[in-house]
There are 2 protein chains.
Amino acid sequence: MSAVEAPARQMNLAERIYQNLKQDIFDFQLLPGDRFSESEIAKRMQASRTPVREALYRLERDGYVQVHFRSGWQVRPFDFHYFEDLYDVRILIETEVVKRLCEAPDRNVRLAGLMTIWCCKESQRISDSAEVAMLDENFHYGLVECSKNQEMVNIHKDVCERLRIIRRLDFTQSGRIEATYNEHSEILERICAGDADLVAQDLRHHIEISKNTVREITLHRIQDARNRYAVDMSMK
Amino acid sequence: MSAVEAPARQMNLAERIYQNLKQDIFDFQLLPGDRFSESEIAKRMQASRTPVREALYRLERDGYVQVHFRSGWQVRPFDFHYFEDLYDVRILIETEVVKRLCEAPDRNVRLAGLMTIWCCKESQRISDSAEVAMLDENFHYGLVECSKNQEMVNIHKDVCERLRIIRRLDFTQSGRIEATYNEHSEILERICAGDADLVAQDLRHHIEISKNTVREITLHRIQDARNRYAVDMSMK
DNA sequence: GCTCTGTAACTTGTATACAAGGTTGAATTC
DNA sequence: GAATTCAACCTTGTATACAAGTTACAGAGC
């Protein structure tokens, strides 16, 4: 029962390949719709097909790729309807969590960490969009972790990870950073005030802003992102 | 886009082994805590280790088994806290769904199938507990499918499947069948009436009955179930 | 009897060989 | 030129061989 679990899980080849492939998908190195074979990946990762297959089947279950019988693999094409459904699940879980939080007597303690980050002076706010994007994710993870329901945490994390691929296109818009700070701090303060209905409404609205931007994202923008990424890489 | 997906997915060896192993776990042929090796399974399933491994890694991700580094596999031990968390997720999803249903103008049409099964005369009710258990599962699936949110359906299905291992111990109690009929029919009628708050309350209560029985289940009862199953098998 | 040690028999992780079905494209036929 | 055929080459699915690490137990030493 002690050190059996994930903590010190040494990196298998399969694990490493899984992480790398997922990162490639997030970075649009592998574009939605792209087809590829196991041998191709094996060659690129300098490994045999066995660990590659293991990684691919995990990615398939995650919903990132799909296998065609004896006919290669494919990065799962974008499906905006799918993303919107995921956003709804996020809204459902997070609003439930904040409602519960509003009834917890020790909510101030539980939220202390988040409050130091988000309810700070304007001068202390972070302006780097990549960094804020990460903080934003952690904000929402942090809320759900307060629920003390590990399965809710797992499912929520899963959903957010599947959404990450499009969320990262979100923080490029100007004004989004400031708005995020304002919305997060308001949510936290209202939780402390115990305003269950109001805060659920705020949170729903906050997430729906992201949800609505999904519709605007086109394959063209994805292609752009890829090009930008390629340039970034060559400059390092 | 036509016949690419799951429908005609022919049974791989890996797929077959996955299903068989899961069934063994459900039937308590493999008891929580049991340890076993890949070769063992391969021998029993008359296949090589390759498809066995694929199946095992899927089961691991599903949360049924865990692998110990170069030291065999184990059926994940029971953790009642885990099951209660899952029940909470079920409650959250299903209450959300019925709330939405109460606002849908065409809810009578969507629910027609369920109503013929559950809102029938007492004389037409089914009394076989295994059959009712299956109908019960389909009732809850059916509700969520009405939500038109495929991801919610998927997650809910996943959660229910993970709960199935203990839910099947539930319908043995006398009176449970009649109560299920009464509760389901009341829920359906109240949805049609559009009573969002009342119906959510009913549903929550209905699921919490199951949730509370979890606490009563002990490993001893599981052992019993296994013995009973072994007897059933030998009688065939 | 107890502790330690080393080895033999296991385990999973990875690479590779082969089987069986899918795809493609050039040659053939009309 | 257009349609068809068929073979070479691809793909994944499965079995097997080997590498590397873990476990269990017999036997030595005390």
Side-chain angles (χ1 to χ4, degrees), chain A residues 1-22 25 30-31 33-77, chain B residues 1-21 24-25 30-31 33-77:
Chain A
M1 192 61 82
S2 55
V4 174
E5 281 292 338
R9 179 172 189 168
Q10 66 171 2
M11 279 280 247
N12 293 344
L13 252 183
E15 175 73 17
R16 182 173 68 81
I17 293 171
Y18 170 79
Q19 299 290 355
N20 283 357
L21 280 177
K22 193 151 76 172
I25 294 174
L30 282 170
L31 280 178
D34 275 1
R35 299 189 74 139
F36 58 90
S37 74
E38 295 173 0
S39 332
E40 219 173 294
I41 304 293
K43 195 173 162 191
R44 212 174 73 207
M45 300 287 179
Q46 307 203 61
S48 79
R49 275 178 54 220
T50 307
V52 169
R53 279 169 64 78
E54 198 178 302
L56 284 174
Y57 277 111
R58 278 180 69 186
L59 288 169
E60 186 196 26
R61 227 201 99 78
D62 291 348
Y64 295 113
V65 300
Q66 52 192 189
V67 58
H68 300 274
F69 183 69
R70 286 191 217 282
S71 167
W73 291 77
Q74 181 177 33
V75 181
R76 191 165 147 168
Chain B
M1 192 60 81
S2 55
V4 175
E5 282 291 337
R9 179 173 191 170
Q10 67 171 4
M11 281 278 248
N12 291 344
L13 251 183
E15 174 74 17
R16 181 173 69 80
I17 294 170
Y18 170 79
Q19 299 290 352
N20 284 356
L21 280 177
D24 283 351
I25 294 174
L30 283 170
L31 280 178
D34 275 1
R35 299 190 74 139
F36 57 91
S37 75
E38 294 173 359
S39 331
E40 217 175 296
I41 305 294
K43 194 174 163 191
R44 212 174 73 208
M45 300 286 180
Q46 306 201 59
S48 79
R49 275 179 54 221
T50 307
V52 169
R53 280 170 63 78
E54 197 179 299
L56 284 174
Y57 277 111
R58 278 179 68 186
L59 287 169
E60 186 196 25
R61 228 200 100 78
D62 290 347
Y64 295 114
V65 300
Q66 51 193 191
V67 59
H68 301 275
F69 184 69
R70 285 190 216 283
S71 167
W73 291 77
Q74 181 177 31
V75 182
R76 190 164 148 170

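Numbered from 1 within each chain, the chains take letters A, B, ... in sequence-line order.
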* 5'-most contact on DNA chain C: B:Gly72 or A:Pro51, nearest heavy atom basis? -> B:Gly72
* To do: Using the closest heavy atom to pick a nucleotide of DNA chain C for each, name whichever of B:Ser37 or A:Ser48 lands nearer the 5' end.
  => B:Ser37
* When you check the phosphate oxygens OP1 and OP2 of D:dT12, does a side-chain N or O of A:Tyr57 lie under 4.0 Å from one of them? -> no
* Asked: Does A:Trp73 put a side-chain nitrogen or oxygen below 4.0 Å from OP1 or OP2 of D:dT12?
  -> yes
* To do: For this output row, return yes or no: ring centroids of B:Tyr57 and B:Trp73 closer than 6.0 angstrom.
  => yes
* When you measure from every atom of DNA chain D, which of residues 38-47 of chain A have a heavy atom less than 4.0 Å away? -> A:Glu38
* Check for a donor-acceptor pair, side chain of B:Gln74 on one end and backbone N or O of B:Asp34 on the other, with a separation under 3.5 Å. => no
Take the protein atom [atom1] of [X] and the nucleotide atom [atom2] of [N], then report the distance between them rounded to whole Å.
X	N	atom1	atom2	value
B:Gln66	C:dT11	CD	P	18 Å
B:Phe36	C:dT11	CZ	P	12 Å
B:Glu54	C:dT14	CD	P	15 Å
B:Leu13	D:dG13	CG	C1'	9 Å
A:Asn12	D:dG21	CG	C1'	13 Å

* Asked: Who pairs with B:Tyr18 by side-chain hydrogen bond (donor to acceptor under 3.5 Å, both in side chains), at least two apart in sequence or on another chain?
  -> B:Lys22, B:Asp62
* In Å and rounded to the nearest 0.5 Å, what is the CZ to CZ distance from B:Arg58 to A:Arg58? -> 14.5 Å
* **Rounded distance [0.5 Å steps], CG in B:Asn20 versus CD in B:Glu15** => 10.0 Å
Heavy-atom side-chain proximity of [X] to [Y] below 4.5 angstrom:
X	Y	value
A:Leu56	A:Leu21	yes
B:Arg16	B:Pro51	no
B:Pro77	B:Gln66	yes
A:Val65	A:Arg76	no

* Structure fact -> Sequence neighbours excluded, the answer for salt bridge (Lys or Arg N to Asp or Glu O under 4.0 Å) partners of B:Arg44 is B:Asp24
Return the polar atom pairs (N/O with N/O) between nucleotides 17-21 of chain C and the protein under 3.5 Å, or none.
{"residue": "C:dA20", "atom": "N3", "partner": "A:Arg70", "partner atom": "NH1", "Å": "3.3"}
{"residue": "C:dG21", "atom": "O4'", "partner": "A:Arg70", "partner atom": "NE", "Å": "3.2"}

* Report the residue (A:Leu56 or B:Ser71) whose heavy-atom-nearest nucleotide on DNA chain D is the more 5′ of the two. => A:Leu56
* Remember a base hit wins even if backbone is also touched, and classify A:Thr50 as base, sugar-phosphate or nothing at under 4.0 Å, heavy atoms. => base
* Asked: Excluding sequence neighbours, so at least two apart, what forms side chain to side chain contact (heavy atoms under 4.5 Å, CB included) with B:Arg49?
  -> B:Glu38, B:Ser39, B:Ala42, B:Arg53
Are any protein N/O atoms closer than 3.5 Å to N/O atoms in nucleotides 6-8 of chain C? If there are, list each pair with its distance.
none

